[in-house]
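Here the structure comes first, spelled out in C-alpha cells, and everything after it is commentary.
Naming: A, B, ... by sequence-line order, numbering from 1 per chain.
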Amino acid sequence: VTGALSNDRIALRLEIEDFNTVYAEHLDAGHLDAWVELFCDDAFYRITARENAEAGLPAGIVYCEGKGMIKDRAFAIANTAMFAPRRWQHFITNTRVLSLEPNEVICARANYLILETLADGRSRIHQSGTYHDRFVRVNAALRLKARDCVYDTEMIKTSLVYPA
Amino acid sequence: VTGALSNDRIALRLEIEDFNTVYAEHLDAGHLDAWVELFCDDAFYRITARENAEAGLPAGIVYCEGKGMIKDRAFAIANTAMFAPRRWQHFITNTRVLSLEPNEVICARANYLILETLADGRSRIHQSGTYHDRFVRVNAALRLKARDCVYDTEMIKTSLVYPA
Amino acid sequence: VTGALSNDRIALRLEIEDFNTVYAEHLDAGHLDAWVELFCDDAFYRITARENAEAGLPAGIVYCEGKGMIKDRAFAIANTAMFAPRRWQHFITNTRVLSLEPNEVICARANYLILETLADGRSRIHQSGTYHDRFVRVNAALRLKARDCVYDTEMIKTSLVYPA
C-alpha cells in the first residue's frame, strides 16, 4: 500500500465495508433479529435530519439507547410494515475510517441510500444519508457502539421509516 | 489485515469488485460482445423477481443457459432499444464473498442499481436488485458460471429490460 | 492478492476510493474551499453530456482550466444555490485504475450519482455519470490533474448544476 494511507486504515476500511454489507443484507432480508446483534449491548442508534445533527440537537425520528430499545423499535417496524408490504434495499458506499482512538474505538462514516419498492413495483428513494459510526471489537468481531444515521431526505410518513 | 477477515477473502472481494466494474462498463457502453465474454460457455444467467427467487421458482423475465443464449438475448435487446434511445448506468455496491468451495467455485453477491435516462434527459430507477453469483477461473481470470439477478423493482415494459 | 490484479493497482484503487470519498464529503458539506484543494494548480475540470464526450467535442456546461477557474465557479454556485436551499449527496462507486503511466500519471474512472434534496424534503436524482480522471502526486498525496464528469442525466436548470 502506497502513499498517505496506512495498511491499518485500509484493512479496517475493508473490514467495515464487509460489516456494512452484512448489515444491509440483514435489513433487506427482514432479518431484524440478526441485524440487532450487530450492535453492542449499550449501543446508541439514532435516525435524524441533517439540520438537527448540524445544530447539535439530540432529537431524532428514531432514538434508541441500548440493544433492548433497538430491538423493540425493530419489531414495531416489522409489524407496521405488514399493513403495506414493501421491500427495501440498502446501498452503502464511500466508507471511510476517520480515526483510531487509543481505547480501540474506531470512528468511521459511510453514505447510505435506501430504495423502497411498493406493491406497484416501482422503486423510489426512501432515504439517503450518512452514517456516523463508532465501532468496537467484541470477541474480535466488529460491533456498533454508535450509529448516527443523518439523512437528507425528509420522509413524509415517519411511522413507516425503516431502519437505516 | 486484522480481525475476522482472512487475506484470501479480502483479495477475492477486491478482484470481484474490479470484475463487476468492468461488467458495468461494458453494459453501460453498449459493448454487449465484450459483456458476453465475462461468462463461461455453460453459464447460467437469469433476471427474476425477489418473490420468484424466494419461492424457489425457476421462472425469470430473462432466462439463459449457456453463452449462446446470453448472446442472442443481448442482441435482441440492442435491436429493441434502438426504437427508443436510452442510456443505462450500473452502480454495483456491497460485494461480498460468501464461500470458497473446494472445486474453486467462488460464491458471492452484490447489490446493483440501474439508472435509465431517456430522451427527455431525466434519470430514473430502472431496476434495483441483488446479484447471486458463482465465479470460476478460466486461464486465471474470473468468469461467471452463474449470475442470478434478483430484483425488487417490477418493470412495466419487460420487453425493454436491459441486462442487469 | 491473487490472480490477475497486481498489488499496485489494488493499492492505488483503494487510495483513489478514499480520495473520492473525501471529495464527496467536501462537496456534500458545502466545503468548496477544501474541495478546490483536491485539484492541481493547472487542473482541468469539466462537466459534459455523454453525447459531447463521445463525439469528442470540447464543450461542457462547466469548463474550467486551472484552479482559479474552478474556485470562481464553485463560489458562483454557492451564491446561486442560496436562493433555493438544497442539499446534495454524492455516491461514488465502481472506481477502477485504467493505467499507470511512466510519468506517474494515474488514469482512473468511477461512477457517480448525485442526489438532490429540496425544501419539500424529497430526494431526487440530480445527476448520474462517470468520472474520467488523471491523478498525480503532490507531496505524496493524490491530486486531480483532470476530472472529466460525463453525465447521462440532462439537467433542466443548468445554472444550478452542482459540482459533480
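Counting only heavy atoms from C-beta outward, the side chains of A:V150 and A:H132 approach each other to under 4.5 Å.
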Hey, mind stepping through B:Y23 and B:L144 against side chain to side chain contact (heavy atoms under 4.5 Å, CB included) and telling me if it holds? CA-CA 10 Å; B:Y23 182 100; B:L144 281 166; 3.8 Å; yes
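Between B:F135 and B:F19, the ring centre distance stays below 6.0 Å. In this structure, the ring of A:F44 has its center no less than 6.0 angstrom from the ring center of A:F39.
The candidate with the highest count of non-hydrogen atom pairs below 4.5 Å against chain B, out of A:T95, A:D28, A:L113, A:N139, is A:D28.
Contact annotation for A:I92: both backbone and side-chain heavy atoms come within less than 4.5 Å of a heavy atom of chain B. Of the atoms belonging to A:T117, it is side-chain heavy atoms, and not backbone ones, that fall under 4.5 Å from chain B. Using a 4.5 Å cut-off between heavy atoms, B:R109 touches chain A through its side chain atoms alone. For B:T93, the part sitting under 4.5 Å from any heavy atom of chain A is the side chain, from C-beta outward, and nothing else.
Applying the side-chain contact (heavy atoms from CB on, under 4.5 Å) criterion to B:D33, with sequence neighbours excluded, gives B:K71, B:F75.
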